[in-house]
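Below you'll find the structure, written out as structure tokens, and then a few comments.
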Amino acid sequence: MVMRTVDLRSDTVTKPTDAMREAMSSAEVDDDVLGYDPTARRLEEEMAKMTGKEAALFVPSGTMGNLICVMVHCDVRGSEVILGDNCHIHVYENGGISTIGGVHPKTIKNEEDGTMDLGDIEAAIRDPKGSTFYPSTRLICLENTHANSGGRCLSVEYTDRVGEIAKRHGLKVHIDGARLFNASIALGVSVHRLVQAADSVSVCLSKGLGAPIGSVIVGSHSFIEKAKTLRKTLGGGMRQIGVLCAAALVALQENLPKLQLDHKKTKLLAEGLNQMKGIRVNVAAVETNMIFMDMEDRSKLTAEKLRKSLNEYGILVIPENSSRIRMVVHHQITISDVHYTLSCFQQAVQMIQEPSRN
Ligand SMILES: Cc1ncc(COP(=O)(O)O)c(C=O)c1O
Ligand SMILES: C[C@@H](O)[C@H](N)C(=O)O
């Protein structure tokens, strides 16, 4: 019998709070295509200020935010972008930068901490003298935090070094900052300092911040003007978006201060899991709100068996592969949920590993 639901599938699963719903229902709105929606304008101004960029633009999703940014930077046919082989843009966005954007990806191995080796980045930059044969490198993409490395943070020093390489070669830098606020809180570095070297950033409102929908992209005035046209081309120009932006403004106010506690709850969960027989978690690598949990004895304990068993307790998780489960903590997971999850995990693992004992 399910006692409660603890949804650890992602930080995209949060429901709008009452304050968000109230703000949505009373939002001041107007047509954001024919002119501008006043609440959207307020959110965009706030995000530009927080990131230290000239301008900002609300977009329906992080995927569209990344696609628009890559396409604006790589607006010449034959362009190439350097990005991680395990980054979200390359793995989870249906290859949109190529299929829609016509941009060629040049992947570099993502290290365990989410970075790409600086030497490999510089070596991957095409020699302009070879343009008869090669695509032309125009952009380097980073991801902070890096989801597929378990929410690891890219340091400001690393980001600045990538920026120096880009400047040296006349390239631009885009940061997929879906969880940028998580990185800022975990590193103790302001958001605008963290992205200082970037020409564009895409920030999700609908992840750790807990807004129901949307992302914001930031950059120079001219960049955002081009991005606005491309957003319309891609069907992302929406009308009274103040309804959505009002919730995002509440999320910035209410949930940004909660990210630190999200990280503490994540660490508590990771440490508890790591003490269980047959489970392994690299606790030192848990820097923000994500946990990768590995099974040691894969003959008995598989991710799918554990997922199914946990589901019966109301614990929702997503297997990364046959022997790894990802869990993502968010502001609607309580400390009590963490303790409940640990006790359910203990029972589920034991039942799978030693069925005769039960
Ligand atoms: C690192 C990262 N970038 C981009 C996205 C895309 O955001 P959306 O789901 O809003 O398209 C996600 C996940 O959703 C993500 O984890
Ligand atoms: C799966 C991925 O697209 C999503 N961003 C998540 O982290 O849940």
Side-chain angles (χ1 to χ4, degrees), residues 7-14 16 47 57-71 81 83-97 99-101 105 107 110 113-116 141-154 159 174-184 186 194-195 198 200-218 231 234-236 238 241 244-245 247-248 251 259 262 266 286-293 303 307 316-321 324-333:
D7 195 345
L8 295 163
R9 291 175 297 165
S10 177
D11 47 4
T12 59
V13 302
T14 55
M47 290 299 287
L57 184 71
F58 178 85
V59 290
S61 70
T63 298
M64 188 184 280
N66 285 328
L67 175 60
I68 289 172
C69 289
V70 172
M71 287 177 71
V81 55
L83 74 176
D85 65 344
N86 207 9
C87 76
H88 195 275
I89 291 174
H90 189 64
V91 177
Y92 293 114
E93 299 182 9
N94 306 113
I97 62 168
T99 53
I100 299 172
T107 57
N110 271 125
D113 62 0
T115 62
M116 294 179 279
C141 285
L142 300 176
E143 182 177 314
N144 198 8
T145 65
H146 193 271
N148 271 356
S149 68
R152 302 286 291 270
C153 304
L154 269 55
T159 308
H174 170 66
I175 296 179
D176 173 356
R179 297 179 180 86
L180 184 66
F181 284 104
N182 292 84
S184 166
L194 212 41
V195 300
S200 62
V201 189
S202 174
V203 185
C204 283
L205 305 160
S206 59
K207 303 240 164 16
L209 290 179
I213 292 178
S215 284
V216 170
I217 58 179
V218 294
R231 179 184 68 174
L234 295 169
M238 300 184 291
I241 55 173
L244 305 176
C245 296
L259 292 179
D262 288 352
T266 309
V286 175
E287 298 175 355
T288 55
N289 68 334
M290 285 188 181
I291 298 171
F292 282 159
M293 194 206 76
R307 183 200 65 76
L316 309 182
V317 296
I318 295 179
E320 274 291 301
N321 56 43
R324 169 171 281 195
I325 281 180
R326 181 187 82 155
M327 281 163 278
V328 188
V329 175
H330 47 80
H331 79 98
Q332 289 175 342
I333 299 291

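Every number for a ligand or one of its atoms is a count from 1 in the order of the listing. Residue indices begin at 1 and follow the sequence shown.
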For [X], is at least one N or O under 3.5 Å away from an N or O on ligand 2?
{"X": "Thr12", "value": "no"}
{"X": "Arg9", "value": "no"}
{"X": "His88", "value": "yes"}
{"X": "Arg179", "value": "yes"}

Exercise for review: For atom 11 (O) of ligand 1, state which one of Thr12, Asp11, Thr63 supplies the nearest heavy atom.
Suggested key: Thr63

Students should be able to answer this: which protein heavy-atom is nearest to [atom], and at what distance?
{"atom": "atom 15 (C) of ligand 1", "value": "His88 CD2, 3.2 Å"}
{"atom": "atom 13 (C) of ligand 1", "value": "Lys207 CE, 2.9 Å"}
{"atom": "atom 3 (N) of ligand 1", "value": "Asp176 OD2, 2.7 Å"}
{"atom": "atom 16 (O) of ligand 1", "value": "Arg179 NH1, 2.8 Å"}
{"atom": "atom 1 (C) of ligand 1", "value": "Glu143 OE2, 3.4 Å"}

Provide the number and element of each atom of ligand 1 under 4.0 Å from a heavy atom of [X].
{"X": "Ser61", "value": "10 (O), 11 (O)"}
{"X": "Glu93", "value": "4 (C)"}
{"X": "Asn66", "value": "4 (C)"}

Review point. Do Asn289 and His330 have side-chain heavy atoms sitting under 4.5 Å apart?
Key: no

Review point. Side chains of Ile217 and Ser200: closer than 4.5 Å at any heavy-atom pair?
Key: no

Check your understanding: For ligand 2, which atoms, with element, lie under 4.0 Å from some heavy atom of Lys207?
Key -> 5 (N)

Study note, to complete from the structure: Counting from 1 in the order shown, the ligand 2 atoms closer than 4.0 Å to a non-hydrogen atom of Ser10 are 6 (C), 7 (O), 8 (O)

Exercise for review: Output yes when a protein non-hydrogen atom is found under 4.0 Å of atom 2 (C) of ligand 2, and no otherwise.
Suggested key: yes

Exercise for review: Report the part of Glu93 in contact with ligand 2, treating N, CA, C, O as backbone and CB onward as side chain, heavy atoms under 4.0 Å; options are side chain, backbone, both, neither.
Suggested key: neither

Check your understanding: So is Gly62 polar-close to ligand 1, meaning N/O to N/O under 3.5 Å?
Key -> yes

